[in-house]
There are 2 protein chains.
Amino acid sequence: MQTVDKAMKLLNQFSRHKPEIGLSELARMTGFDKAATRRFLVALQNHQFIEQNPDTKAYRLGLGFIHLAKVRESTFPLESILHAALDRLSVATAETAHASLLINDKLSTIGVSFPDRGNRAHLDVGEQLPFHATASGCAFLAFSSAERQASFLTDVMDSHTPNTPTRADDLDNFIEEARHNGYARAHGSYCTEVTGTAVPLFGADSQPIGSLAIAAPSSRLTDALKQQIVEQLWAESTQVTRAIGGQIPESYQTFTNQLRGIAA
Amino acid sequence: MQTVDKAMKLLNQFSRHKPEIGLSELARMTGFDKAATRRFLVALQNHQFIEQNPDTKAYRLGLGFIHLAKVRESTFPLESILHAALDRLSVATAETAHASLLINDKLSTIGVSFPDRGNRAHLDVGEQLPFHATASGCAFLAFSSAERQASFLTDVMDSHTPNTPTRADDLDNFIEEARHNGYARAHGSYCTEVTGTAVPLFGADSQPIGSLAIAAPSSRLTDALKQQIVEQLWAESTQVTRAIGGQIPESYQTFTNQLRGIAA
DNA sequence: ACCATCGGTGATAATAATGAACCGATAGAT
DNA sequence: ATCTATCGGTTCATTATTATCACCGATGGT
């Protein structure tokens, strides 16, 4: 069904940072012929997956997704579970909590919960997080099989800050560390002065499906806060994974067990 | 692009009331060959638009929509605007407020806001409202062009309650009344003992794109409350339509002007 | 032991998608 | 004022894709 794949490729050109795209540019981006691109756009428009800006003639994502997303959510809730967990996390840690899911081989930010204070890390819903530069990405990779790891690391390792690991072995160290600790921590590798701490979420097949993370101004991270964040993340990750019918792999259970020890 | 249309037809088989469907049944529902159905499902699965229940082998909607819905929402907000309006409505009227959008030629419930009281009308997000049996549907049709009206009334007019209008001329009267009043009111035609009151929302082309409604236990509807509901709905409909870049048609402006007269 | 149905597959026939050339319109450069 | 390049959009012969049917093993009720 290559036609379906092409339609999806088209849809995936749109992002937070490029919400409206003209016909010719879209054809260039996808590598499709202009005529073919147009045919896809018209077909998708008929189902409201694409809209056209009447003024600029540029295309953008439509409303069609909303209904399907609502049907999915009302029968197999995920966002509501994540949001509840994020709210608990942002209250408990007084820092920004966010959740991402692996969609289309990218870690897409699905929810954010901000603490009730002035100075806090910021992050947008819809943003796609680079694997190599974020704690969320490393936590995800650390508990993925080697093959899956390799398949996600095809993008070039862009440097977002001076602290972004751009060499493959630097990243490997990060991942190894995360696998060892049961969480990933990234100091200003995505945003300067912001430290991310993240844990994976698992699906029914014990493979990571996303991650749960806390982003905090680096200056505020005392040892006590660090430990609290990790414990809260472990607790919520366990709860969310269970609530969505996921299966925690053995390689990760040692950490959640460790948590039970602390609680006792 | 008939292949795209077929893929969409497949996706649209899933609903709140039928969230998981097996291969053979899906083939029967769509009229596609089983082999073709499977190919579509696999293609859609590769993009996470479809998931398979590992136990039952049945298929369900996937996570793929979430990312695209978030990108759309974060660049062209609609749900957040609707939810704000719904919350104001449910507080002001102390009744259940809900919003629907026309997606895939059906009125799909996108948001609901309940008042803080025990006895209230209920409604689920993701539910598709029948045009003929709901105030939302009639308000929508009343301000649609005759051609569009006809295109939406292709379904059989199911009887949901003893009060559901099932004859075409009964429905025409309802619609005519709504066009005259500037709002639609349905007494127990969808749920017994529940009265719905609805107004249309307009898009950039002055065509209805959805509706805003209040559902209340019929017994509570005093004349004073009725009037308050209509005024609140007009006010919010105007505000929402403007906020989303919509254009109120002349045929409807008389009502919102009337409102301004009341406010003064 | 039987029949019906399930999910799933593979080879050929029928159909649908492709893409180069072309249109009129618009905008910046000469 | 003219030339050139790009835009969004369309056409139709060519080509690649998708549809269909028969079939598989497995499951479950009779």
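Lettering of chains follows the sequences in order, A, B, ..., and the numbering in each one begins at 1.
Dashed line: the shortest gap from a side-chain N or O of A:Arg28 to OP1 or OP2 of D:dC7 is under 4.0 Å.
In terms of modelled atom types and a separation under 3.5 Å, the side chain of B:Asn53 and the main chain of B:Asp55 share a donor-acceptor contact. Put simply, the side chain of A:Thr241 gets close to the backbone of A:Phe202: a donor and an acceptor are under 3.5 Å apart.
Within a 6.0 Å radius of CD in A:Gln247, no more than 12 heavy atoms belonging to other residues, nucleotides or ligands are found.
What separates CG of A:Asp5 from P of D:dA16 is a distance of 18 Å, to the nearest Å. Summarising the geometry, the separation between CD1 on B:Ile21 and C1' on C:dC6 is reported as 16 Å, rounded to the nearest angstrom. Atom pair B:Asn53:CG and C:dG7:P shows a separation of 12 Å (rounding to whole Å applied).
When each of B:His98, B:Glu127, B:His122 is paired with B:Val112, the side chain to side chain contact (heavy atoms under 4.5 Å, CB included) condition holds for B:His98 and for no other.
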Exercise for the section: Quick one: the dot-bracket string of DNA chain C, using Watson-Crick and G-U wobble pairs with both distances under 3.5 Å, [ ] for crossing pairs and | for bases paired to another strand. Expected result: ||||||||||||||||||||||||||||||
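Here B:Phe131 contributes atom CZ and B:Gln149 contributes atom CD; the two are 10.0 Å apart, rounded to the nearest 0.5 Å.
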Could you list the donor-acceptor pairs under 3.5 angstrom formed between side-chain atoms of residues 78-85 of chain B and any protein atom two or more places apart in sequence or on another chain?
{"from": "B:Glu79", "atom 1": "OE1", "to": "A:Lys70", "atom 2": "NZ", "distance (Å)": "2.6"}
{"from": "B:Ser80", "atom 1": "OG", "to": "B:Glu73", "atom 2": "OE2", "distance (Å)": "3.3"}
{"from": "B:His83", "atom 1": "ND1", "to": "B:Glu79", "atom 2": "O", "distance (Å)": "3.3"}

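Ring geometry for B:Phe143 against B:Tyr252 counts as perpendicular: the plane angle is over 60°, on a 0 to 90° scale with 30° as the lower cut.
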Practice task
If a protein heavy atom is under 4.0 Å from the base, mark B; if only from the sugar-phosphate, S; if neither, -; do that for nucleotides 8-23 of chain C going 5' to 3'.
Solution key: BBB-----SSBBB---
Exercise for the section: Apply side-chain contact (heavy atoms from CB on, under 4.5 Å) to B:Leu44 and A:Val4, showing your working. Expected result: CA-CA 7 Å; B:Leu44 291 167; A:Val4 173; 4.0 Å; yes
